[in-house]
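The structure is given below, and queries will be raised subsequently.
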Amino acid sequence: MPQDEPQQPQPASRRRTRLYALTDGRTAAAHTVLTMDTTITAAVAGDAHGGLPTEWQEILVMCAPPGGRAVAEIAARMHIRLTPMTLLLGELAERGLITHRPPLAASDTTDVNLLMRIRDNLARI
């Protein structure tokens with residue numbers, strides 16, 4: 001291939017499942033309520049369940065402990081709309097494959113005593 005010709009985009013190495021099939025046509029989660037800023041962490045390794053759909057495995061790898069990711073970030077990285085993503089994550093949560101933590105409330109992030117303890121402990125290091 002000549003050097004000056006632009007490279008054509010390569011086709012995806014795998015075929016993605018249609019969102020309707022991934023969500024079984026559901027439009028609301030059964031039990032798990034997730035917001036776009038809920039933190040998701042995998043409860044198991046991403047490669048531990050080879051029989052899971054590819055999208056589920058990607059989520060488990062992306063959200064490996066200890067960090068985790070926000071629902072909105074997962075949706076953006078996987079190029080899936082937020083509503084189907086919350087349905088997928090709800091299914092993973094109901095199966096025990098992920099854990100979820102609601103975002104910190106504003107009062108939790110502005111606790112002066114907590115900030116002072118953090119400052120003091122950092123100064124000790």
So CZ of Arg119 and CZ of Arg124: to nearest 0.5 Å the spacing works out to 10.5 Å
Taking all non-hydrogen atoms of both residues, which atom of Ala43 and which atom of Gly96 are closest, and how far apart?
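Answer, listing the atom of Ala43 first, then Gly96: CB-O, 3.5 Å.
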Roughly how far, to the nearest 0.5 Å, is CZ of Arg101 from OG1 of Thr39?
4.0 Å
Distance from Ile59 atom CD1 to Glu91 atom CD, nearest 0.5 Å?
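Ile59 CD1 to Glu91 CD: 11.0 Å, rounded to 0.5 Å.
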Taking all non-hydrogen atoms of both residues into account, name the closest pair between Ala75 and Leu82 and its distance.
CB-CD1, 4.2 Å
Of the non-hydrogen atoms in Arg77 and Arg69, which two are nearest, and what is the gap between them?
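So the minimum-distance heavy-atom pair works out to NH2-NH1, 3.4 Å.
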Below 4.5 Å, heavy atoms only, C-beta onward: do Thr35 and Val71 meet side chain to side chain?
no
Looking only at non-hydrogen atoms, find the nearest pair between Ala42 and Pro65 and report the distance.
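In terms of heavy atoms, the two residues are closest at O-CG, 3.4 Å.
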Could you walk me through whether Ile80 and Leu88 satisfy the side-chain contact (heavy atoms from CB on, under 4.5 Å) test, starting with their C-alpha distance in whole Å, then the side-chain angles of each, then the deciding distance to 0.1 Å, before giving a yes or no?
CA-CA 10 Å; Ile80 296 177; Leu88 293 177; 4.3 Å; yes
When you look at Ile74 and Cys63, which way does the side-chain contact (heavy atoms from CB on, under 4.5 Å) test go after all the steps?
CA-CA 8 Å; Ile74 298 167; Cys63 299; 3.3 Å; yes
Sub-4.5 Å side-chain heavy-atom contact between Ile40 and Leu92
no
To the nearest 0.5 Å, what is the distance between CD (Glu55) and CE (Met62)?
10.5 Å
Would you check if His100 and Leu89 make a side-chain contact, meaning some heavy-atom pair closer than 4.5 Å?
no
Contacts of type side chain to side chain contact (heavy atoms under 4.5 Å, CB included), residue Arg117, not counting sequence neighbours:
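Expected list: Leu114.
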Does a donor on one side chain and an acceptor on the other come within less than 3.5 Å for Thr83 and Thr86?
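Note: Thr83 and Thr86 side chains miss the donor-acceptor criterion.
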